[in-house]
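Following: one structure in structure tokens, then a few remarks.
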Amino acid sequence: MKRYYIGVEIGGTNLRSGLIDANFHAEQFRKIPTSLFAREKDKIGFLARLAEEYIAVCGRENVAAVTMALASLMDKERTVVYSSPMIPGFEGISLVDGLSRKLGIPVIIEKDVNILLRYEIWRNHLPTEGIIAGTFLGTGLGNAMCIDGRVYAGHSGTACELGHIPVPDLEEMCGCGKKGCVELLTCGRLLYKLATEKYGCRVDDIFELYGQEQPVRDIVRYCAVAIAAEITILDPAYMILGGGVMEMKGFPMDDLQQTVRENLRIPNPRDSIRFVPASGDSEAGVIGAALHAADRN
Ligand SMILES: [Zn+2]
């Protein structure tokens with residue numbers, strides 16, 4: 001019986017990792033700046049050294065899997081990282097093969113939003129039948145769905161790219177390589193730009209100081225419209241709402257939910273959809289990674 005999982009979450013800002021036991025409790029947890037990883041040329045070597053620190057604590061034979069939650073584009077089989085817009089050089093890497101060979105332990109990779117959704121379902125004791133969706137507004141607009149307890153990856157592995165649905169007449173280029181994506185109108189990057197260039201405040205204060213200003217309200221409104229589009233198509237039982245932007249102080253969560261409902265059909269799903277604010281737990285991605293590994297075993 002393997003008793004431990006090693007979970008790693010690599011976000012744009014922080015790289016979190018931990019040693020998770022069979023009850024999904026984080027026995028060890030660590031957070032370092034992602035920039036340390038971004039600077040390293042040998043990405044697989046860096047991750048192997050990180051994992052070995054936990055292996056030294058619990059023993060190689062007791063680790064069921066090393067699971068990574070990544071803000072990256074990857075193949076459907078979840079073996080190769082194609083690109084990571086926020087991490088230079090973390091692209092075109094056969095991560096699963098390379099790392100599992102080095103460690104002698106199974107390695108699993110998955111999109112971070114899918115892992116975070118999995119965690120919130122577990123944390124909130126939500127029933128797994130039917131569809132549960134999650135929207136995570138952070139640097140970008142992330143989205144995921146679970147159908148009958150299983151993460152839906154899509155035909156090619158790229159389902160739920162809600163941030164990249166097109167907006168008519170929007171000519172701006174998106175980091176994904178096409179123009180006019182809704183994410184350009186509703187993401188942390190835009191919030192940062194408004195804070196530094198328009199209002200001259202810290203981005204952390206923007207909702208408290210300038211939440212009533214139209215450009216800030218528009219960010220929330222475009223997010224609501226994207227969420228309403230997904231609910232209209234899927235009629236999910238729950239919509240989990242999280243991500244760094246939604247967890248900022250002063251974020252108008254009530255306004256967001258009300259605007260989503262105003263854009264939904266009457267009586268349902270306007271009345272039936274249930275919103276669940278995400279926990280904001282620092283260990284969410286690391287424990288979610290263990291939950292994901294346990295599901296696969
Ligand atoms: Zn895009």
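Please read all numbers here as calculations on a predicted model, not as lab measurements. Numbering of residues begins at 1 and proceeds along the displayed sequence. Worth knowing before you read on, the calculation uses all heavy atoms, side chains too, and leaves out hydrogens, waters and symmetry mates. All ligand and atom numbering here is 1-based and tracks the order in the structure.
Under the 30°/60° scheme for interplanar angles, the aromatic rings of F24 and W122 are found to stand perpendicular.
Interatomic distance, L73 CG to L70 CG, rounded to the nearest 0.5 Å: 11.0 Å. A distance of 11.0 Å separates CD of E110 from CG of L116, quoted to the nearest 0.5 Å.
Checked against the 6.0 Å centroid criterion, the rings of F90 and F37 qualify as a close aromatic pair.
Side chain to side chain, Y119 and D281 meet the donor-acceptor criterion of an N or O pair below 3.5 Å.
With a 6.0 Å radius and a threshold of 12 heavy atoms from other residues, nucleotides or ligands, Y192 has its OH atom at or below the threshold.
For the Zn ion (ligand 1), the nearby protein N/O/S atoms, meaning those under 2.8 Å, are H164 ND1, C174 SG, C176 SG, C181 SG.
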